[in-house]
Undergrad: 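The structure's right below; bear with me while I get my questions together.
This chain uses plain numbering: 1 for the first residue, then up along the sequence.
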Amino acid sequence: IPAGHTFIEIETFVSTKGKDIAENLLKKAADRDPDAFDMYIYNDFFSYGVLDLVDKTLTTLHTKIKKKDWEDAYYLLEGLVIFVDFESVWTQCDDGDRVDITNKTIGAEAIAVFRGLDAEDCLTPQIFPSLETVLKKLFKFSEEMEGQGCDSMYGPLCKGIARRLFQGKTEDDFALELEQLQEWANGLDADEKKEVRAKIKKIADERAAAAASGKTIKPWYAQGKVYDEDDEDDDFKLSRVWKDYKEYLSGVPRMPLRGPAKWDISKWTAAERRLFEFAAMDRDTMDSGAMDDALEAIMRRRFS
């Protein structure tokens, strides 16, 4: 495994810098989840609290892009991509237009980072070993967002970049990837190690069976349509997308609609939390609509 890199799961090979950024965001997200504090505040509190983290990260990333600080921009993008892959509750909030423009901004910023690195001949797995993971995660996320009705043209472009960079991978390259997985698995605890090794063996067996029958297993970037890397669609122009994004945010609430003006519940005082705690909810004093909303939100979070 290259220095400064690791696996989060069997298909997620990342830099430790990107991993640290994602873990920090996930910790902050957990502090915005009312369920974690046995509280109900209002529907979508958690969604908008996480969306606020995405907004802040996109703003920081935009600054890195403007300064052409491409290395830091890459790791920040990687961390954001891992984060939205693990925590997508923000995509379920009741403001579909905001979700759509945020998704477009993620795509436009990603493309700006890749093009900036490419212009300096740095868009290579030799410099950024986790690059394929980032491209694949972005493509998969774009497909999920398309399924929600959001324009996600950045996905096929990311796949096009991956096709150019990785289409020459050899069996030796795939064998090295399996060796890296084995190295990672060796450091896991006994139960997880057994599970991961079984998955690695399945991958190896499938490749061996395909080779024995003269077949090839097409990697994700070799399947389906791609967009030209130099495509100048408006959705790929960061200046335009950023302007639309900031204009939209200027017209929507950015702070919680109930409770203190902060998303981080861990920073609320005990008195501020008490009003929204499940234990303090008296069925006799709550109107039926509020109670129904509370129960609906609790059940949705518990079983989603």
Undergrad: Can you see whether E132 engages W220 through a side-chain donor-acceptor pair at a distance of less than 3.5 angstrom?
TA: yes
Undergrad: Got a salt bridge between E9 and K137, using NZ or NE/NH1/NH2 to carboxylate O under 4.0 Å?
TA: yes
Undergrad: Could you tell me if the side chain of D95 sits less than 4.5 Å from the side chain of Y48, heavy atoms only?
TA: yes
Undergrad: Return the minimal non-hydrogen interatomic distance between M153 and E146, and the atom names on each side.
TA: N-OE2, 4.3 Å
Undergrad: Can you name the closest pair of heavy atoms from P253 and L257 and give their distance?
TA: CB-CD2, 4.1 Å
Undergrad: Between R164 and E229, does any NZ, NE, NH1 or NH2 come within less than 4.0 Å of an OD or OE carboxylate oxygen?
TA: yes
Undergrad: Would you call the rings of F13 and H5 parallel, tilted or perpendicular, taking 30° and 60° as the class edges?
TA: parallel
Undergrad: How close do R197 and A185 get, heavy atom to heavy atom, and via which atoms?
TA: CG-CB, 4.2 Å
Undergrad: Given side chains that start at C-beta, do those of I21 and L80 come closer than 4.5 Å, heavy atoms only?
TA: no
Undergrad: Quick check: do L135 and F166 have side-chain heavy atoms less than 4.5 Å from each other?
TA: yes
Undergrad: Provide the closest heavy-atom pair for V84 versus S88 in the form atom of the first, atom of the second, distance.
TA: O-CB, 3.7 Å
Undergrad: With a 4.5 Å limit on heavy-atom distance, are the side chains of Y221 and L165 in contact?
TA: no
Undergrad: Kindly assign one of parallel, tilted or perpendicular to the pair F45 and W268, based on the angle between their ring planes and the thresholds 30° and 60°.
TA: perpendicular
Undergrad: With side chains defined as the heavy atoms from C-beta onward, is the minimum distance between V14 and I82 less than 4.5 Å?
TA: yes
Undergrad: Quick check: are there more than 12 heavy atoms from other residues, nucleotides or ligands sitting under 6.0 Å from CD of Q148?
TA: yes
Undergrad: Any side-chain heavy-atom pair from L157 and R115 closer than 4.5 angstrom?
TA: yes
Undergrad: Could E23 and K27 be called an ion pair, given the rule that one side-chain N must be under 4.0 Å from one carboxylate O?
TA: no
Undergrad: Side chains of Y74 and S130: do they bring a donor and an acceptor to under 3.5 Å?
TA: yes
Undergrad: Are there over 12 heavy-atom neighbours, none belonging to K237, within less than 6.0 Å of that residue's NZ?
TA: yes
Undergrad: On a heavy-atom basis, which atom in W184 and which in I8 lie closest, and how many Å separate them?
TA: CZ2-O, 4.0 Å
Undergrad: If I compare all heavy atoms of F37 with all of D31, which pair ends up nearest, and what's the gap?
TA: CE1-O, 3.6 Å
Undergrad: Looking at side-chain heavy atoms only, is the closest gap between I41 and P256 below 4.5 Å?
TA: no
Undergrad: Can you sort out the partners of D72 under salt bridge (charged side-chain N to carboxylate O under 4.0 Å, His left out), two or more places apart, ordered by chain and number?
TA: K64
Undergrad: Would you say the side chains of S15 and E78 form a donor-acceptor pair under 3.5 Å?
TA: yes
Undergrad: Can you find a pair of side-chain heavy atoms, one from F7 and one from Q180, that are under 4.5 Å apart?
TA: yes
Undergrad: With no hydrogens and no angle check, is any side-chain donor or acceptor of E87 less than 3.5 Å from a backbone partner on A29?
TA: no
Undergrad: Under the side-chain hydrogen bond (donor to acceptor under 3.5 Å, both in side chains) test, which residues partner K243, sequence neighbours left out?
TA: E247
Undergrad: Kindly confirm or rule out a cation-pi arrangement of R207 over F174, judged by NZ or CZ under 6.0 Å from the six-membered ring centre and within 45° of its axis?
TA: yes
Undergrad: If we ignore hydrogens and angles and just use 3.5 Å, is the side chain of K246 paired with the main-chain N or O of V241 as donor and acceptor?
TA: no
Undergrad: Let me check something: any side-chain donor-acceptor pairs from residues 96-107 under 3.5 Å, sequence neighbours excluded? List them with distances.
TA:
from: R98; atom 1: NH2; to: D55; atom 2: OD2; distance (Å): 2.6
from: D100; atom 1: OD1; to: D151; atom 2: N; distance (Å): 3.4
from: T102; atom 1: OG1; to: R98; atom 2: O; distance (Å): 2.7
from: N103; atom 1: OD1; to: Y154; atom 2: OH; distance (Å): 2.6
from: N103; atom 1: ND2; to: D151; atom 2: O; distance (Å): 3.1
from: N103; atom 1: ND2; to: S152; atom 2: OG; distance (Å): 2.9
from: T105; atom 1: OG1; to: I101; atom 2: O; distance (Å): 2.7

Undergrad: Measure from the side-chain N and O atoms of Y227 to the backbone N and O of D230, and report whether any donor-acceptor pair falls under 3.5 Å.
TA: no
Undergrad: Please determine if K193 and D189 form a salt bridge, counting it only when a charged side-chain N lies under 4.0 Å from a carboxylate O.
TA: no
Undergrad: Check the side chains of T170 and D172 for a donor-acceptor pair under 3.5 angstrom, ignoring hydrogens and angles.
TA: no
